[in-house]
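From a predicted model like this one, the values you see are computed outputs, not experimental measurements. Residue numbering restarts at 1 for every chain, and letters A, B, ... go by the order of the sequence lines.
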2 protein chains.
Amino acid sequence: MCIMTNQPTNKFFTSDLNWDDYRHLVKEINVPAKTTLLQESEVSKNAYFIKKGCLRIWFNNNGKDVTFQFFFENQGVSSIESFKSGQPSLFSIESIEPSTLLVISKSNLELMVKEIPGYQAFMQEHIFQRLNHYSKLFLSHIKNNPQERYLELLAESPHIIQRVPQHYIASYLGITPVSLSRIRNKVLAEKK
Amino acid sequence: MCIMTNQPTNKFFTSDLNWDDYRHLVKEINVPAKTTLLQESEVSKNAYFIKKGCLRIWFNNNGKDVTFQFFFENQGVSSIESFKSGQPSLFSIESIEPSTLLVISKSNLELMVKEIPGYQAFMQEHIFQRLNHYSKLFLSHIKNNPQERYLELLAESPHIIQRVPQHYIASYLGITPVSLSRIRNKVLAEKK
DNA sequence: TTGGCGCGATAACAATTGTTAAGAAATACG
DNA sequence: CGTATTTCTTAACAATTGTTATCGCGCCAA
């Protein structure tokens with residue numbers, strides 16, 4: 001299982017760190033849209049931090065592209081599980097927009113982890129927040145129908161709907177692009 | 001958000017502990033079926049460990065009973081979030097079968113936590129496993145339709161289907177009892 | 001500039017699911 | 001035991017979603 005390491009309010013790569021002290025451990029890269037950063041079934045070697053742009057993680061479900069999560073500026077992306085176990089990732093990481101990323105290798109990240117005081121506590125809090133995030137997503141699916149889930153996403157994460165192509169959002173909501181298009185149409189009609 | 005403290009392979013209340021040392025901190029109770037142990041909107045004061053029977057956590061979604069998770073023998077049940085924050089629980093905890101439970105108060109649990117070496121690491125691992133559990137449930141919803149989810153549950157957790165009333169399972173799968181009944185019928189017909 | 005391609009809208013039809021209601025079957029309990 | 005209650009099934013119809021296909025628009029690169 002692939003788990004994202006970071007939340008929008010992430011300290012991992014940002015505020016609490018003096019980046020001048022770690023600059024030699026991190027590489028900045030620019031990638032065009034639709035660049036694969038981690039291929040499904042390969043072992044995760046790097047973690048990424050988004051300076052500009054957006055990424056998604058997705059997997060191939062019997063030939064169908066299923067998007068699992070979206071990431072934007074100031075978020076970190078990686079596969080904790082693949083880091084922990086050295087097992088092949090069950091997901092791919094791919095850029096949606098042209099993006100500017102910070103790249104840190106597994107070993108360098110571990111180095112930083114040791115040097116940053118209170119990291120363990122932060123990590124626990126972070127995993128706890130992830131837990132809340134996924135349990136919330138699960139709840140959204142058992143208590144809401146697709147239209148309600150779309151409206152919830154629109155209310156809570158409008159930036160996703162604004163920046164991400166619709167067919168990715170459809171699979172994230174667990175429906176087809178055609179159905180999402182219809183729902184949008186219906187919602188628009190009901191507003192008038 | 002309510003989070004379960006325990007997994008089937010749970011050390012919290014069991015194997016690694018010498019229960020004779022803690023017996024004064026824990027109370028054993030017997031409850032009939034449909035007993036509410038924690039009421040939605042109340043603050044969680046106790047954690048439970050199931051010696052015999054089964055529990056569920058659920059919430060009221062606009063008048064509809066939505067079951068979030070099931071628990072069986074040797075599992076612990078509580079609301080970490082309510083423990084942590086002292087905030088009202090967003091869920092109810094209720095017995096499904098007549099059950100024999102161990103009850104431990106929040107303060108006594110905290111006492112034990114301090115006395116048990118390596119508890120922090122265990123807690124982190126536990127939360128991590130919960131994270132995997134919920135991300136898996138979320139995945140199941142975006143990649144599978146209701147029938148596939150039912151078959152997955154049947155394959156991975158047959159004990160749930162055997163012991164839990166069907167209408168609870170239906171809400172857990174995010175569908176109506178009527179639809180679940182049809183799916184079961186269809187699956188049975190396809191087997192022949 | 002322009003052809004190709006990604007993306008979204010729409011249509012028509014099939015399949016599934018929801019809703020409501022009624023009744024049968026199983027279970028609980030005095 | 002028998003009665004109540006809970007649980008499950010089935011039916012009929014409405015609503016939603018999936019499937020397949022077509023069309024048009026905008027963007028990007030040759």
Enquirer: My understanding is that only residues two or more places apart in sequence, or in another chain, count here; which of them pass side chain to side chain donor-acceptor pair (under 3.5 Å) with B:Thr100?
Expert: B:Asn30
Enquirer: Could you give the angle between the helix axes at the two ends of the helix from C:dT1-D:dA30 to C:dG30-D:dC1, with five pairs per end, rounded to 10 degrees?
Expert: 50°
Enquirer: In B/S/- notation, 5' to 3', how is nucleotides 24-30 of chain C contacted by protein heavy atoms closer than 4.0 Å?
Expert: -------
Enquirer: Sugar-phosphate atoms are those with a prime plus P, OP1 and OP2; base atoms are the rest. Using that split, label each nucleotide of nucleotides 22-30 of chain D B, S or - for protein heavy atoms under 4.0 Å, 5' to 3'.
Expert: ---------
Enquirer: Check whether any side-chain heavy atom of A:Leu37 lies under 4.5 Å from a side-chain heavy atom of A:Asn46, and answer yes or no.
Expert: no
Enquirer: Rounded to whole angstrom units, what separation is found between the CD1 atom of B:Ile169 and the C1' atom of D:dT9?
Expert: 15 Å
Enquirer: Write out all pairs satisfying side chain to side chain donor-acceptor pair (under 3.5 Å) with one or both partners inside residues 165-179 of chain A, taking only residues at least two apart or from two chains.
Expert: A:Gln166-A:Arg184
Enquirer: Got a sec, which pairs hit salt bridge (charged side-chain N to carboxylate O under 4.0 Å, His left out) with one end in residues 36-49 of chain A, sequence neighbours left out?
Expert: none
Enquirer: Is the closest side-chain donor-acceptor distance between B:Gln75 and B:Tyr48 under 3.5 Å?
Expert: no
Enquirer: I need the full list of salt bridge (charged side-chain N to carboxylate O under 4.0 Å, His left out) pairs touching residues 146-164 of chain A, with sequence neighbours left out, sorted by first then second residue.
Expert: A:Glu73-A:Arg163, A:Glu97-A:Arg163, A:Lys136-A:Glu156
Enquirer: Hey, does A:Ile160 have a side-chain heavy atom less than 4.5 Å from the side chain of A:Ile169?
Expert: yes
Enquirer: Can you list every pair that meets salt bridge (charged side-chain N to carboxylate O under 4.0 Å, His left out) and has a residue in residues 60-72 of chain A, with sequence neighbours left out?
Expert: A:Arg56-A:Asp65
Enquirer: Under the side chain to side chain donor-acceptor pair (under 3.5 Å) test, which residues partner B:Glu28, sequence neighbours left out?
Expert: B:Lys51
Enquirer: Using a cut-off of strictly less than 4.0 Å, decide whether B:His167 has a side-chain nitrogen or oxygen near OP1 or OP2 of D:dC8.
Expert: yes
Enquirer: In whole angstrom, what separates B:Glu97's CD from D:dT6's C1'?
Expert: 15 Å
Enquirer: Take the angle between the ring planes of A:His159 and A:Phe72 and call it parallel below 30°, perpendicular above 60°, tilted in between.
Expert: perpendicular
Enquirer: Just how far, in rounded Å, is C1' of D:dC8 from CD1 of B:Ile161?
Expert: 15 Å
Enquirer: Quick one: list whatever passes side chain to side chain contact (heavy atoms under 4.5 Å, CB included) with A:Asn61, sequence neighbours left out.
Expert: A:Phe59, A:Val66, B:Lys143
Enquirer: If the condition is side chain to side chain contact (heavy atoms under 4.5 Å, CB included), which residues does B:Thr36 pass it with, not counting sequence neighbours?
Expert: B:Gln39, B:Glu94
Enquirer: Fit a plane to each ring of A:Phe138 and B:His141, take the angle between them on a 0 to 90° scale, and name the class: parallel (under 30°), tilted (30 to 60°) or perpendicular (over 60°).
Expert: perpendicular
Enquirer: Would you give a per-nucleotide map of nucleotides 9-22 of chain C, 5' to 3', where B means the base has a protein non-hydrogen atom under 4.0 Å away, S means only the sugar-phosphate does, and - means neither?
Expert: BBBB---SBBBB--
